[in-house]
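Beneath this line is the structure, given in structure tokens, with notes to follow.
Residue numbering restarts at 1 for every chain, and letters A, B, ... go by the order of the sequence lines.
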Protein chains: 2
Amino acid sequence: MKFKLRQLEAFQATAKTGSVTRAAKSLGVSQPAVSRLLADFSTAIGFELFERKSGILTPTSEARYMLTEVSRVFESLDHLEDLRRDLKERTAGHLRIACLPGFATSHLPRVLTEFLDNRPGVTLTLEPDRPERILEWIIGQQYDCGITDGFSGHPATERTDISIKTVCILPKGHPLGAKDTISPKDLENEKMVHTRRDSPFNVALTQSFTQDGARMNSWIEVRQFTAACTIVGEGHGASIVSALDAAQYADRGIIIRPFSPNLEHKLSILRPLAGNRSLLVLDFIEAFQNSLKPFIAEAN
Amino acid sequence: MKFKLRQLEAFQATAKTGSVTRAAKSLGVSQPAVSRLLADFSTAIGFELFERKSGILTPTSEARYMLTEVSRVFESLDHLEDLRRDLKERTAGHLRIACLPGFATSHLPRVLTEFLDNRPGVTLTLEPDRPERILEWIIGQQYDCGITDGFSGHPATERTDISIKTVCILPKGHPLGAKDTISPKDLENEKMVHTRRDSPFNVALTQSFTQDGARMNSWIEVRQFTAACTIVGEGHGASIVSALDAAQYADRGIIIRPFSPNLEHKLSILRPLAGNRSLLVLDFIEAFQNSLKPFIAEAN
DNA sequence: CTTGAATATAACATTATGTTATGAAATTGG
DNA sequence: CCAATTTCATAACATAATGTTATATTCAAG
């Protein structure tokens, strides 16, 4: 048979209070409403639930067995309500984030810590890897969100691009530190630490030297801006890196100066196109984007 | 918030089928009915449950979490239905029976075995003890049912009296075995095994001798008819016992003959007056009474 | 036996869930 | 790219479930 929650409520309240009148009060309805609910319930289940003894409705033996199981039904509904509230308030769920290695040890952990602090029921998987794997995971829906760069698009992903400002970093005490802005010409005699030669950002950087009538003196090729920061912070060379990464190394042996022309480093936040829409993931992406605001290039 | 089962059903069916139309079919209602249930549910819980992808309604991440918990709600309702059916069919519950010691090892176990065979979910406590304890337990509602004798009533108990026929038992081969009916006069020279002197049954027995102008030759006083049967079965004396007990010893060295006058042995089935009415207990009592029919005195 | 309290029932009202009809949106196939 | 088909959302109305007030019945207490 199909149970009706209202009948179960009437049943439980009557057993608890010993009276139809008191059950009605506790349920916030009139006494005849409870009387009818109980009568209908008893007919539906096929046996009596109460008998009157000295004016008190006493549950039958069958009713006592039913009450135990009815309590379990309401407990499971209580759990459902707890979950509903957590989901509505986004305080429960699981986040799976794939990111470039540089992100796993810098800005992102701080953003995540703050994000999770307010969400005790939320758990996280954070997986650093190279861009190819990040894309692969997002396409396969193994991760909810990927943070990568140099990404040109894929039909199975939904992408949000963010342009991050870049800056020139020099060893502390470097003579060029006296200038307000560094031009490619200024760096003609500096040993340059730069990202992969064929990366879109490096191509743009090389072009900026050419357009300023200067030649970039290539020294070390690195895979991450954070590696470039570490090298320059040890007193050697110069580099153009994202303002985000430079900020993490501001007091680690480097000077930061604006670079002209303004080159932008393009980050991409990826989500699986076919994945289940998650409010929690959308919340996180918003929080992450907000955290990047100070580093976003103005031209956009 | 207060959940509505119909909304949970609509939600679960839609997630399972990927379509409002198919969900409506599986629920046996029209498509707009499901559409409205889902819309109302989504509004009530405060977040979206589905998004359309390639024509298929895909649960959101929140919806997936909810589905797990909704399944548990329906599982608990399934358990409730199982219990309801068992209770209605009296195939579940617990029986607590207190009886005289003689009953625990004779007729009653057979009745119980048969009763429980058809009720796999029913469990039992069978406790033999003396009449005073049986009454005490019934009054205190520690047992559902007491089977006792020589009981004259108590306001806290509900009682069903059953008059059992009594018969005369003699050792096998006894000369009186040639008679169709035994009278007190026939037994004047026999050593009598009888119950407690002051028991109502024994008082009636003694009176029957006096009224026949005979003197009862008292030999051994026992507490149970079964003990009297054992003694006579070993070739000594005669006794008047309940037909029920005599039947158990029919092939154990005794001859059974009607006794005139017809004396009745009064059994009482007790139930707590204030206890919870149990269909299972009432069923058992009915089964027990039916099992006694062959031994019931005709005068009633 | 009377009075008061509790429960059951009747008649009507409101809400939840159902229907058919239909418009809007999305998908599919040519 | 457009037409046809399918699916979903909404409107208007119907039915069932649950609510109300009024009142009859039953039970308990003094």
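- Remark: side-chain polar atoms of A:S42 are not paired, donor with acceptor, to backbone N or O of A:A39 under 3.5 angstrom.
- Counting heavy atoms from C-beta outward, A:M66 and B:R84 have side chains that approach closer than 4.5 Å.
- Distance, A:L8 CG to D:dA17 P: 15 Å, rounded to whole Å.
- No donor-acceptor pair closer than 3.5 Å links the side chain of A:E127 to the backbone N or O of A:C99.
- With respect to B:E81 and B:R85, a salt bridge is recorded, a charged nitrogen being found less than 4.0 Å from a carboxylate O.
- Screening residues 37-65 of chain B for ring pair (Phe, Tyr, Trp, His ring centres under 6.0 Å) gives B:F11-B:F41, B:F11-B:F50 as the qualifying pairs, with residues at least two apart or on separate chains.
- By the ring-ring contact (aromatic ring centres under 6.0 Å, His included) test, B:F103 pairs with no residue at all, sequence neighbours left out.
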Could you give me the CA-CA distance, side-chain angles and deciding distance for A:E264 and A:F201, then say whether side chain to side chain contact (heavy atoms under 4.5 Å, CB included) is met?
CA-CA 8 Å; A:E264 290 164 9; A:F201 178 71; over 6 Å; no

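- Residue pairs meeting the salt bridge (charged side-chain N to carboxylate O under 4.0 Å, His left out) criterion with at least one partner in residues 3-14 of chain A, sequence neighbours excluded, are A:R6-A:E9, A:E9-B:K2.
- Shortest non-hydrogen contact noted between B:G146 and B:I138 is N-CD1, 3.4 Å.
- For the 3.5 Å distance criterion, the side chains of B:T148 and B:S268 fail to qualify, holding no donor opposite an acceptor.
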Pairs: protein N or O with nucleotides 27-30 of chain D N or O, under 3.5 Å:
unit_1	atom_1	unit_2	atom_2	d
D:dA28	OP1	A:G55	N	3.4

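- Listed by first and then second residue, the salt bridge (charged side-chain N to carboxylate O under 4.0 Å, His left out) pairs that reach into residues 143-160 of chain A are A:R96-A:D144, A:E158-A:R271, A:R159-A:D161, sequence neighbours excluded.
- Side-chain contact between A:L49 and A:E62 is absent, with no heavy atoms from C-beta onward closer than 4.5 Å.
- Using modelled atom types, no side-chain atom of B:S291 and backbone atom of B:V111 make a donor-acceptor pair closer than 3.5 Å.
- For DNA chain C, the span of nucleotides reached by chain A at under 4.0 Å from its heavy atoms goes, 5' to 3', from C:dA6 to C:dA11.
- Rounded to whole Å, atom P of D:dT18 lies 11 Å from atom NZ of B:K2.
- Within residues 27-45 of chain A, the residues that have a heavy atom under 4.0 Å from DNA chain C are, in order of number, A:Q31, A:P32, A:S35, A:R36.
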Without placing hydrogens or testing angles, list every side-chain donor-acceptor pair under 3.5 Å for residues 18-38 of chain A, not counting sequence neighbours.
unit_1	atom_1	unit_2	atom_2	d
A:S19	OG	A:T21	N	3.1
A:S19	OG	A:R22	N	3.0
A:R22	NE	A:T17	O	3.1
A:R22	NH2	A:T17	O	3.1
A:S26	OG	A:A23	O	3.0

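- Contact check of residues 71-78 of chain A against DNA chain D (heavy atom, cut-off under 4.0 Å) returns no residues at all.
- Residues passing the ring-ring contact (aromatic ring centres under 6.0 Å, His included) test with B:F115, sequence neighbours excluded: B:F284.
- Rounding to whole angstrom units, CG of residue A:L5 and P of D:dG19 are separated by 12 Å.
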Filtered N/O pairs between nucleotides 2-6 of chain D and protein, under 3.5 Å:
none

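- To the nearest 0.5 angstrom, B:R90 atom CZ is 8.0 Å from B:L282 atom CG.
- Across the protein-nucleic acid pair, B:K4 atom NZ and D:dA17 atom C1' stand 11 Å apart, rounded to whole Å.
- For DNA chain C, each stem of at least three Watson-Crick or G-U pairs (distances under 3.5 Å) is given as range with range: C:1-30 with D:1-30.
- Atom CD of A:E69 and atom CG of B:L83 lie 5.5 Å apart (nearest 0.5 Å).
- Checked against A:Y143 for a side chain to side chain contact (heavy atoms under 4.5 Å, CB included), the options A:L126, A:T125, A:L270 give a single hit: A:T125.
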